[in-house]
**Student:** 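Dropping the structure in here first, questions after.
By convention in this document, chain letters (A, B, ...) are assigned in the order of the sequence lines, proteins followed by strands, and residues within each chain are numbered from 1.
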Amino acid sequence: MQPYADWRPAASLDTLRLRAELLARIRRFFASRDILEVETPVLSCAANTDPALQSFTTVYTGPGSVTDTLRYLQTSPEFPMKRLLAAGAGSIYQLCKVFRDGECGARHNPEFTLLEWYRTGFDHLDLMDEVEQMLTAVLAGIAPLDSVQHWTYRELFLQFAGVDPFTELPGELQARLESEFDITPVGLPEDDLDCWLDLVMTHVIEPKLGAGLVFVRDYPASQAALARLRRGAPPVAARFEAYLNGVELANGFHELADVAEQRARFENDLERRRRGRHMNIKMDERLLSALESGLPDCAGVALGVDRLVMIASGVSCLSDVIAFPFDSA
Amino acid sequence: MASYSTNEFKGGLKIMIDGDPCAIIENEFVKPGKGQAFVRAKIRNLKTGRVVERTYKSGESVEAADVMDVDLQYLYSDGEFWHFMDTETFEQRAATAEAVGDAAKWLKEQDMCEVTLWNDNPLAVTPPNFVMLAVADTDPGVRGDTSGGGGKPATLETGAVVRVPLFIDIGEILKIDTRTGEYVGRGKD
């Protein structure tokens, strides 16, 4: 038997010490603000229906009156954390492992560490400020924030790509991507504007963001995910993303609390999953019951901790900051 | 028809693009947290050598190219085709000038080359990393100069021109690195 050369950690021990320091600082930040650390299940009966997220599944065998033996590994702890919020837990945070099938690359590992937190009485704008404060505190003396910029999704697209995401059509975008940016996409659905906007975001805009913290807010309603919509022409989602040094780091919402709207979005997701031939997902009825009983007005955000460690270490590959990345796990 | 999923993409994989056989140089998985997953690939067209970029929707299927690399012995050129032979089966294959490309200036009869076949026809020829070639023409050698500084051009038996040290004479056998086109040393032939 040949010894496996990759039994050794991919990340240096110094990087693992930096990871531990960042985790300790994150916990100190939340402790100093009296935000409660919680733990919720990794294995759930239901999962996120978002067609862009693929869940791993596993099956329980053994004793106990377990009716749902099929379990989904969480893609984020959002649903059980909202059940805690509805139960009156107040502001809470969690550091946990999450799992996403089909995501592996320089900036993706199928299991990764997520920091997720919820602030009652905050909207997404308040929470953006707290994300900035948290990053400032955690990165102090290690990789201080150069600058902080705020953009709306529309302004960002106009500035960096010359594209208006609210009026552009997929066909026009395709022609401009080829002629102006030398990007040749293959097999993208012609009628799915969001898919084309994702292409512009990842291929054209992200590489131009540069150093510093960049907040993007007011996403198209079709990209609301679990954010509430704000009336307007056009209506926009109360959602934000944070990019640090050009890397997508965090995604936040002014959380949707309307149970009927939430159920309709789940059903729409499931329909899109059927059309895209993705695995069917069991809708989280316990979350819907929690919303029915009343979710306090709150904003929440999920932040990729491995990417934060990557940026703090000044490297560009996640496998440099994870002890045992997926291919040597 | 054979095909690959973008999940199978890796450097060296041979795929068809717009009717031409291509090799993936590198590929990258790109996905916004709440959005579409893409595979962005840098790809070399094996016919033209041009490098292009393509972005696929993650999970799409792409037609495979029936391309393989084989070691063949170079026999001779008849002016139109370059002829190669499989030294085990003695099967011969003729490569066009387009397929041989820049390799032509390094090809010496009986040298083993890597020939890329597409649907069994030579598509590209890679000469050995090092070749031993005689000097056909150069200025007279300067005795005693072993500094290697400066140098002079020398035309080799295959027609290639390389820079060589001043002490090299016509008829000498030289070792050349075909990847850089540089003189390595005097041969032992």
**Student:** Non-hydrogen atoms of chain A under 4.5 Å away: do they reach the side chain of Y56(B), the backbone, both or neither?
**Tutor:** both

**Student:** Does any heavy atom of chain A fall under 4.5 Å from the side chain of E60(B), the backbone, both, or neither of them?
**Tutor:** side chain

**Student:** Most heavy-atom pairs under 4.5 angstrom with chain B, which of G105(A), G304(A), G187(A)?
**Tutor:** G187(A)

**Student:** Would you confirm whether the ring centroid of F38(B) sits within less than 6.0 angstrom of the ring centroid of H203(A)?
**Tutor:** yes

**Student:** Looking at M201(A), H108(A), E241(A), which has the largest count of heavy-atom pairs under 4.5 Å with chain B?
**Tutor:** H108(A)

**Student:** Atom CD in E206(A), atom CG in L156(A): separation rounded to 0.5 Å?
**Tutor:** 9.5 Å

**Student:** If you count heavy-atom pairs under 4.5 Å between each of E53(B), E28(B), R40(B) and chain A, which one has the most?
**Tutor:** R40(B)

**Student:** Kindly write out the residues that satisfy ring-ring contact (aromatic ring centres under 6.0 Å, His included) with F157(A), not counting sequence neighbours, or none if the list is empty.
**Tutor:** Y153(A)

**Student:** Given the options P189(A), A225(A), C104(A), which has more heavy-atom pairs under 4.5 Å with chain B than any of the others?
**Tutor:** C104(A)

**Student:** To the closest 0.5 Å, what do you measure between CG (L115(A)) and SG (C96(A))?
**Tutor:** 9.0 Å

**Student:** Mind checking the CG-NZ spacing from D177(B) to K175(B)? Nearest 0.5 Å is all I need.
**Tutor:** 9.0 Å

**Student:** So which residue, R239(A), Q223(A), E103(A), ends up with the most heavy-atom pairs under 4.5 Å with chain B?
**Tutor:** E103(A)

**Student:** With chain B as the partner, which of L199(A), D194(A), L53(A), D192(A) has the greatest number of non-hydrogen pairs under 4.5 Å?
**Tutor:** L199(A)

**Student:** When you measure from the side chain of R54(B) to the backbone of I43(B), do you find a donor-acceptor pair of N or O atoms at a distance under 3.5 Å?
**Tutor:** no

